[in-house]
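This chain uses plain numbering: 1 for the first residue, then up along the sequence.
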Amino acid sequence: MNAIDVISRSDAQAAAQTQATQAAEGFQEALDAAAQEEEVLPVEAYSLPDWYADLIPEQCVLTPCINRAYWNQVEAFGADGTISREEQAVLASMRENDTARQTELDNEAWRWEHQEELSEYFGLLNGYLREALAENNIQGAAAYYENVVLNPAGSEQVRQDFMDRFNADPRALELMETLGVTA
């Protein structure tokens, strides 16, 4: 790894941290708004519509998988309070040969490589969803839950309004192609 890799990785980590902070702030705003509503809603009230998932790049879908064989081996090796160099080598080999872990590492590398495009793309997706909700007079978590989550016809209307905006934006379509989204 050279100095440029370290700097670009550091810059990428800082950008990712900024994105995570912005997402957390947005989530906190949503929670605060929900707290002001009188009705207590189930968690599903805050879920995205199923059709929205079709627009998410495959590499951004996190599918955490616990390698139980690996962790069982760690426990067995560490039972005496230490792990020898030979045991460390066995564990390293297990990690390197774990296809689920390798896939997630590949996806993480892809997300780093495309972080600017992803940031712009998700900004467009979220903006068009908000506009489609506003066009359909859906404001607040309770209205969203009632008119989108629980109402297939309402969800379809929001989807159509969303897709009209999305498909009319050449940059959104370009980003979709760049990111390999095939919805």
Side-chain angles (χ1 to χ4, degrees), residues 15-68 98-183:
Q17 181 62 40
T18 300
Q19 290 174 350
T21 301
Q22 290 171 344
E25 289 170 355
F27 183 69
Q28 187 59 48
E29 289 173 12
L31 287 177
D32 292 344
Q36 293 176 1
E37 295 182 12
E38 293 180 26
E39 187 177 356
V40 176
L41 301 170
V43 170
E44 72 175 340
Y46 303 95
S47 64
L48 290 169
D50 291 339
W51 53 262
Y52 192 90
D54 295 337
L55 298 165
I56 307 296
E58 177 183 321
Q59 296 85 346
C60 293
V61 178
L62 301 180
T63 53
C65 178
I66 297 173
N67 183 335
R68 297 200 189 285
D98 182 350
T99 57
R101 180 178 180 274
Q102 188 56 50
T103 298
E104 188 50 42
L105 289 173
D106 292 345
N107 288 346
E108 181 180 4
W110 184 91
R111 291 188 301 265
W112 281 109
E113 180 182 341
H114 294 90
Q115 67 181 329
E116 289 178 18
E117 293 92 346
L118 288 167
S119 179
E120 184 179 359
Y121 181 71
F122 282 114
L124 292 172
L125 288 180
N126 291 332
Y128 292 143
L129 179 59
R130 288 175 192 222
E131 289 174 15
L133 291 170
E135 183 176 326
N136 287 278
N137 297 316
I138 299 171
Q139 298 175 354
Y144 175 81
Y145 183 50
E146 182 180 327
N147 294 296
V148 177
V149 175
L150 296 178
N151 181 347
S155 180
E156 178 58 23
Q157 183 60 51
V158 170
R159 185 193 71 77
Q160 289 176 6
D161 293 340
F162 170 92
M163 291 307 297
D164 288 347
R165 287 174 169 74
F166 186 84
N167 288 327
D169 183 344
R171 180 62 179 155
L173 298 175
E174 177 185 350
L175 286 166
M176 187 177 182
E177 184 176 333
T178 299
L179 298 172
V181 177
T182 57

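One side chain, Glu44 or Tyr145, offers a donor N or O that lies under 3.5 Å from an acceptor on the other. With no hydrogens or angles considered, a side-chain donor-acceptor pair links Gln157 and Asp161 at under 3.5 Å.
For Glu135, the salt bridge (Lys or Arg N to Asp or Glu O under 4.0 Å) criterion is met by Arg165, not counting sequence neighbours. Listed by chain and number, the residues in a side-chain contact (heavy atoms from CB on, under 4.5 Å) with Glu113 amount to none (sequence neighbours excluded). A search for salt bridge (Lys or Arg N to Asp or Glu O under 4.0 Å) contacts involving Arg111 returns Glu104, not counting sequence neighbours. Remark: Arg159 pairs with Glu156 by the salt bridge (Lys or Arg N to Asp or Glu O under 4.0 Å) rule, at least two apart or across chains. Residues that satisfy the side chain to side chain donor-acceptor pair (under 3.5 Å) test with Asn126, not counting sequence neighbours, are Tyr52.
Contact annotation: the side chain of Val149 never approaches that of Ser155 to less than 4.5 Å [non-hydrogen atoms, C-beta and beyond]. Counting heavy atoms from C-beta outward, Thr178 and Tyr121 have side chains that stay 4.5 Å or more apart. Two residues are said to be in side-chain contact when any heavy atoms from C-beta on lie closer than 4.5 Å; Leu125 and Leu55 meet this criterion.
Val158 and Ala132 get closest at one heavy-atom pair: O-CB, 3.7 Å.
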Given side chain to side chain donor-acceptor pair (under 3.5 Å), test Gln160 with Asp164 step by step and report yes or no.
CA-CA 6 Å; Gln160 289 176 6; Asp164 288 347; over 6 Å; no

Show me, pair by pair, the donor-acceptor contacts under 3.5 angstrom made by side chains of residues 169-176, not counting sequence neighbours?
unit_1	atom_1	unit_2	atom_2	d
Asp169	OD1	Arg171	N	2.9
Asp169	OD1	Ala172	N	3.3
Asp169	OD2	Tyr128	OH	2.4
Arg171	NE	Glu120	OE1	3.3
Arg171	NE	Glu120	OE2	2.9
Arg171	NH1	Glu174	OE1	3.4
Arg171	NH1	Glu174	OE2	3.0
Arg171	NH2	Glu120	OE1	2.8

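For Glu146, the CD atom is loosely surrounded, since the number of other residues' heavy atoms within 6.0 Å does not exceed 12.
The aromatic rings of Trp51 and Phe162 sit tilted relative to each other, their planes meeting at an angle between 30° and 60°.
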